[in-house]
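All remarks here apply to the structure that follows.
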Amino acid sequence: MAAQFQFVMRSGPTPGATYSLEGDQIVIGRDSTNGVVINDAEISRKHARLTFQGGKYVLEDLSSTNGTFVNGQRLAGPAVLKSGDVISFGEQIVLMYDALSVDAGETVISSRKSAPAPVAPAPAPMAVPPPPSYSTPMAPIKKTNWTPIFIAAGILVLICVCVVALWYIDQNYLWCTFFPFLTGCSK
């Protein structure tokens, strides 16, 4: 039984586009020489690389600017892909990885008639996980500490009272009454 691999674009510049994956190494990016070309500003020229190893594709990020994600987790190293994995490049480009099994015996024609084989019910469609959410979480409401505000207001009131008192003393020539030690006045 052979396998055929593909990407299906869920969101990005061409939703629904299918990229057939063939070869031992496939580079994904904006550059037209890549095996999978996605022309979008979020994709680096050489964004990621697929390597076929042991019958499976391994995905690794090529130090891209916006990152490569598998099922919402940013790649820090190579990751083996499984059918149904959601691959994201940056925030807006989302692809679904499919590994389709192809049985070469299904196309053989039999020359003799046989009883029709019982038809098995079709398997239930595979649930597709939603693409990762990239919304910014709301910051918690910060409570204001009123203590420094009250202290500053109290100091400001104290300064105003002192200024008014000194102005009153000066206007009424009361320096000798309140501050004889400063002016040299005697009582």
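Note: hydrogens, waters and symmetry copies are ignored here, and every other heavy atom, side chains too, is used.
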Do [X] side-chain atoms and [Y] backbone N/O form a donor-acceptor pair below 3.5 Å?
| X | Y | answer |
| --- | --- | --- |
| S44 | T65 | yes |
| N34 | D31 | yes |
| N172 | Y168 | yes |

Side chain proximity check, [X] to [Y], heavy atoms < 4.5 angstrom:
| X | Y | result |
| --- | --- | --- |
| I149 | W146 | yes |
| D98 | V8 | yes |
| V86 | V94 | yes |
| I87 | L81 | yes |

For the residue pair S64 and N66, confirm or rule out a side-chain donor-acceptor distance under 3.5 Å.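 Short answer, no.
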Does the gap between the ring centers of F52 and F5 come in under 6.0 Å?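 Yes, the ring centres sit under 6.0 Å apart.
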Mind checking the [atom1]-[atom2] spacing from [X] to [Y]? Nearest 0.5 Å is all I need.
| X | Y | atom1 | atom2 | answer |
| --- | --- | --- | --- | --- |
| R30 | E42 | CZ | CD | 11.0 Å |
| D61 | T68 | CG | OG1 | 3.5 Å |
| S83 | K56 | OG | NZ | 11.5 Å |
| R10 | S88 | CZ | OG | 12.0 Å |
| Q25 | T51 | CD | OG1 | 4.5 Å |
| N39 | T14 | CG | OG1 | 9.5 Å |

Evaluate the side chain to side chain contact (heavy atoms under 4.5 Å, CB included) criterion for residues L59 and L75: first the C-alpha distance (whole Å), next the side-chain angles of each, then the deciding distance (0.1 Å), finally the verdict. CA-CA 9 Å; L59 179 66; L75 287 184; 3.9 Å; yes
If every non-hydrogen atom of H47 is compared with every non-hydrogen atom of F89, which pair is closest and at what distance?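 Heavy atoms of H47 and F89 come nearest at CD2-CD2, 3.2 Å.
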Only counting residues at least two apart or in another chain, list the ones meeting side-chain hydrogen bond (donor to acceptor under 3.5 Å, both in side chains) with D85.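 For D85 the side-chain hydrogen bond (donor to acceptor under 3.5 Å, both in side chains) partners, ignoring immediate neighbours, are N71.
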Applying the 4.5 Å side-chain criterion to the ILVMFWY set and letting contacts propagate, would [X] and [Y] be lumped into a single cluster?
| X | Y | result |
| --- | --- | --- |
| L62 | I43 | no |
| L50 | V27 | no |
| V58 | L21 | no |

Residues that, via side-chain heavy atoms closer than 4.5 angstrom, fall in one hydrophobic cluster with I151: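 Members besides I151, by chain and number: I155, I159, V163.
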Could you go step by step and tell me if I38 and I93 meet the side chain to side chain contact (heavy atoms under 4.5 Å, CB included) rule? CA-CA 9 Å; I38 301 173; I93 313 300; 4.3 Å; yes
May I have the step-by-step check of side chain to side chain contact (heavy atoms under 4.5 Å, CB included) for Y19 and M9, ending in yes or no? CA-CA 8 Å; Y19 301 93; M9 186 172 285; 3.5 Å; yes
Greater than 12 external heavy atoms within 6.0 Å of Q73's CD: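 No, CD of Q73 has 12 or fewer neighbouring heavy atoms, counting only those of other groups under 6.0 Å.
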Show your reasoning for whether side chain to side chain contact (heavy atoms under 4.5 Å, CB included) applies to T33 and K46. CA-CA 9 Å; T33 61; K46 303 234 183 253; 3.4 Å; yes
